[in-house]
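One-based numbering along the sequence shown.
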Amino acid sequence: MGTVYRPREHTIAPNREPDAEPITRSVECMACSATSPVSEGHIQTQEWILKHVREFPAHLDYREHVTLPYRVRPGRWL
């Protein structure tokens with residue numbers, strides 16, 4: 001006989017466990033595609049933007065890239 005699969009509910013949510021990977025972010029200049037180093041806080045990315053805009057005053061638009069770990073939690077059997 002073959003494998004039998006049972007459906008199960010699942011919940012997907014950000015992983016807040018103590019051993020979860022950290023939330024990281026970087027920013028990208030929309031004018032030249034330069035990218036900041038990856039960091040765990042907002043301050044480093046904001047400092048990078050201010051430094052970059054001082055060097056390139058016409059570069060005013062940025063995109064933030066956030067890496068947020070998620071975890072799937074099994075629920076009840078259906």
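- Atom CD1 of I12 sits in a sparse spot, with 12 or fewer heavy atoms from other residues, nucleotides or ligands closer than 6.0 Å.
- The shortest heavy-atom contact between V72 and H10 is CG1-CD2, 3.6 Å.
- The minimum heavy-atom distance linking R16 with L68 is given by the pair NH1-CD1, 4.0 Å.
- A distance of 11.0 Å separates NZ of K51 from OG of S36, quoted to the nearest 0.5 Å.
- Every pair passing side-chain hydrogen bond (donor to acceptor under 3.5 Å, both in side chains) that includes a residue from residues 66-78 is listed here, sequence neighbours excluded: E9-R76, E17-R73.
- Separating the CH2 atom in W48 from the OG atom in S26 is a distance of 9.0 Å, to the nearest 0.5 Å.
- When every heavy atom of V38 is checked against every heavy atom of T24, the shortest pair comes out as CG1-CB, 3.5 Å.
- Legend: residues meeting salt bridge (charged side-chain N to carboxylate O under 4.0 Å, His left out) with R63, ordered by chain and number and at least two apart, are E28.
- For R8, there are no salt bridge (charged side-chain N to carboxylate O under 4.0 Å, His left out) partners at least two apart in sequence or on another chain.
- Separating the CD atom in E40 from the CD1 atom in I23 is a distance of 9.5 Å, to the nearest 0.5 Å.
- Using cut-offs of 30° and 60° on the angle between ring planes, the pair H52 and Y62 is perpendicular.
- Once rounded to the nearest 0.5 Å, the distance linking CD of E47 with NE2 of H42 reads 13.0 Å.
- The number of heavy-atom neighbours closer than 6.0 Å to CG of L50, taken from other residues, nucleotides and ligands shown, is above 12.
- Counting heavy atoms from C-beta on, the side chains of P37 and Q44 never come closer than 4.5 Å.
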